[in-house]
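Attaching a single structure in structure tokens format; questions to follow.
It should be emphasised that the depicted structure is a prediction, and the values quoted were computed from it without experimental measurement. The first residue in the sequence is number 1, and the count goes up from there. Whatever order the structure lists ligands and atoms in, that order sets their numbers, starting from 1.
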Amino acid sequence: MDYIAECETLKNKALEQLETVADDITLAAFFAEFLAKKGSISSLMNHMREIAPTDKAAFGAAVNGARKIVDEAYQEKKAAIEAKKLDQKLAAEAIDITLPGRKEPIGKKNPYYEVIDEVTSIFLTMGYEVAEGRDVETDLFNFELLNVPKDHPSRDMQDTFYIEGDDDLLLRTQTSAAQAHAMLEKNPKGPIKLICPGKAYRRDDDDMTHSHQFAQIEGLVIDKNISMAHLKATLELFAKKMFGEKREIRLRSSYFPFTEPSVEVDVSCFNCGGKGCAMCKGTGWIEILGAGMVNPKVLKACGYDPDEWTGFAFGVGVERVAMLRYGIDDIRRFYANDIRFLEPFAGK
Ligand code: PHE
């Protein structure tokens, strides 16, 4: 039998069959059939014994040559299959950069902070300092030093959250707590001119106009010869800057334990200009804050001699101002951070 011719035939058969190989699985089968140790090309060597001694070298060379050619063709095919697989993978994972992007909503400043920032900057331009204050207060600063002793009936107006297990620690019910800190900490005693924007807490049932947590901006001015006229002029300027040049204010007599006399301050309606509308409930006026001359008892308790020093204080309700100004109907909207609510305030 002519094994050299058979070797040639086998080589051609292998090359022909390789043409039809198109994937990993048939490629592996091809390798097993022709090129593996027990594959048909290597197995040709088993016939060596039957070959005449003079032909052995030529036979060996023919087998090795055939194996080399088939192996090269196999390697080429293997690379081609790899390349094809990579192309397919890239195509499958392709990113279509022509797809329009998804629009992410951009955060907006809550109107509640707009109001705090605006009020703060108005008073900064009038030379006020900003005091930080603290949310957790002692009974002493929130009530006692502000002329509200333990059994004082006005405590009922400000139902308080106490810190559990401590009758003396509470969440401040008013930013007025900052007044006593400012006066006591001023050493030596001298003029004070500050605002304290911050949160306050009361045990109110939440509804459209009440929230157990809300924000106030406290103002305090202490100096010699400070009078009610200074208070009125200050608040008038504030109202004009905040609500418009045409605004006027009026003071109505009121009661706060830490001021004497005390007033409630109305601003002429910025919606109707004072003619009367739904916003001002037909009165032409909108109440925006409480104020008064610092009670001499408070001055004294905080180390200021009331014969020498006088002062005024005021407290603005932030949410109330923001609700009126932006026509917001429900106080709870400020805290929900619903983007649909915040969106319309963009850029205002
Ligand atoms: N603390 C008062 C309140 O919360 C407001 C106020 C502040 C009144 C300062 C007078 C002076 O109702």
Side-chain angles (χ1 to χ4, degrees), residues 115-116 119-120 123 128 130-131 133-135 137 139-149 152-161 170-183 192-204 209-223 226-228 230-236 238-239 249-267 286-299 301-302 304 306 309-323 331:
V115 167
I116 292 179
V119 175
T120 303
F123 282 102
Y128 283 66
V130 176
R134 51 207 93 182
D135 287 19
E137 269 297 355
D139 188 276
L140 182 69
F141 282 92
N142 194 77
F143 290 124
E144 292 274 344
L145 288 170
L146 297 176
N147 192 33
V148 188
H152 197 282
S154 85
R155 286 204 180 205
D156 296 344
M157 283 159 49
Q158 302 191 357
D159 207 352
T160 310
F161 286 113
L170 46 86
L171 294 179
R172 69 175 169 197
T173 60
Q174 47 187 352
T175 47
S176 299
Q179 292 186 25
H181 281 289
M183 287 188 260
I192 294 176
K193 210 172 163 188
L194 65 80
I195 55 163
C196 173
K199 295 186 186 93
Y201 308 82
R202 287 180 202 174
R203 290 179 49 164
D204 275 331
T209 53
H210 295 86
S211 166
H212 60 280
Q213 178 198 307
F214 53 98
Q216 288 187 326
I217 300 175
E218 191 78 10
L220 175 70
V221 171
I222 306 275
D223 210 332
I226 292 290
S227 73
M228 199 83 178
H230 294 114
L231 172 63
K232 191 176 177 207
T234 302
L235 295 178
E236 206 162 57
F238 163 67
I249 59 165
R250 78 174 179 188
L251 310 186
R252 281 179 294 112
S253 126
S254 183
Y255 171 78
F256 298 105
F258 34 90
T259 47
E260 181 58 37
S262 300
V263 288
E264 257 158 294
V265 180
D266 299 339
V267 59
I286 291 177
E287 184 195 326
I288 54 160
L289 54 83
M293 300 307 292
V294 180
N295 192 318
K297 286 186 191 160
V298 174
L299 286 170
C302 296
Y304 276 83
W309 302 91
T310 49
F312 65 75
F314 56 87
V316 187
V318 171
E319 285 86 346
R320 183 166 165 73
V321 169
M323 285 170 86
I331 194 169

Inset, instruction - Answer whether the closest heavy-atom distance between the side chains of F256 and Q174 falls below 4.5 Å. - result: no
Legend entry - Side chain, backbone, both or neither: F314 near ligand 1, heavy atoms under 4.0 Å: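 Just the backbone.
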Inset, instruction - Ignoring angles and geometry beyond distance, decide whether T173 reaches within less than 3.5 Å of ligand 1 through its nitrogen or oxygen atoms. - result: no
Legend entry - Residue portion contacting ligand 1 (non-hydrogen atoms closer than 4.0 Å) for S176: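 It is the side chain that touches ligand 1; the backbone stays farther off.
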Legend entry - Protein contact to atom 12 (O) of ligand 1 [nearest heavy atom, distance to 0.1 Å]: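 For atom 12 (O) of ligand 1, the nearest protein heavy atom comes out as F256 CE2, 3.7 Å.
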Legend entry - Best match, R172, Q174, M293: closest heavy atom to atom 1 (N) of ligand 1: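 Among R172, Q174, M293, the closest heavy atom to atom 1 (N) of ligand 1 comes from Q174.
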Inset, instruction - Assess F258 for proximity to ligand 1: is some non-hydrogen atom of it under 4.0 Å away? - result: yes
Inset, instruction - Using atom types as modelled and distance alone, determine if a side-chain donor or acceptor of Q216 lies under 3.5 Å from a backbone N or O of T175. - result: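 Yes, Q216 side chain to T175 backbone: donor-acceptor pair under 3.5 Å.
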Legend entry - Test item: N295 and T259 side chains (from C-beta on) under 4.5 Å apart, heavy atoms: no
Legend entry - Which segment of R202 sits under 4.0 Å of ligand 1 when only heavy atoms are counted: side chain
Inset, instruction - Would you check if the side chain of N142 reaches a backbone N or O of R172 as a donor-acceptor pair within less than 3.5 Å? - result: no
Legend entry - side-chain contact (heavy atoms from CB on, under 4.5 Å) between F123 and V316, worked out: CA-CA 12 Å; F123 282 102; V316 187; 5.6 Å; no
Inset, instruction - Give yes if a backbone or side-chain nitrogen or oxygen of E218 is under 3.5 Å from a nitrogen or oxygen of ligand 1, and no if not. - result: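 Such a contact does not occur with ligand 1.
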Inset, instruction - Using modelled atom types only, decide if a donor and an acceptor are shared between the side chain of D266 and the backbone of R252 within a distance under 3.5 Å. - result: no
Legend entry - Donor-acceptor under 3.5 Å (R202 side chain, F214 main chain): no
Inset, instruction - Indicate yes or no: does an N/O atom of Q216 lie under 3.5 Å from an N/O atom of ligand 1? - result: yes
Legend entry - Geometric N/O contact Q179 with ligand 1, under 3.5 angstrom: no
Inset, instruction - For the pair H212 and F161, name the ring-plane relationship: parallel under 30°, tilted 30 to 60°, perpendicular over 60°. - result: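 Plane angle over 60°, so perpendicular.
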Legend entry - Close-contact set for ligand 1 against G315 heavy atoms, below 4.0 Å: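 Result: 6 (C), 7 (C), 9 (C).
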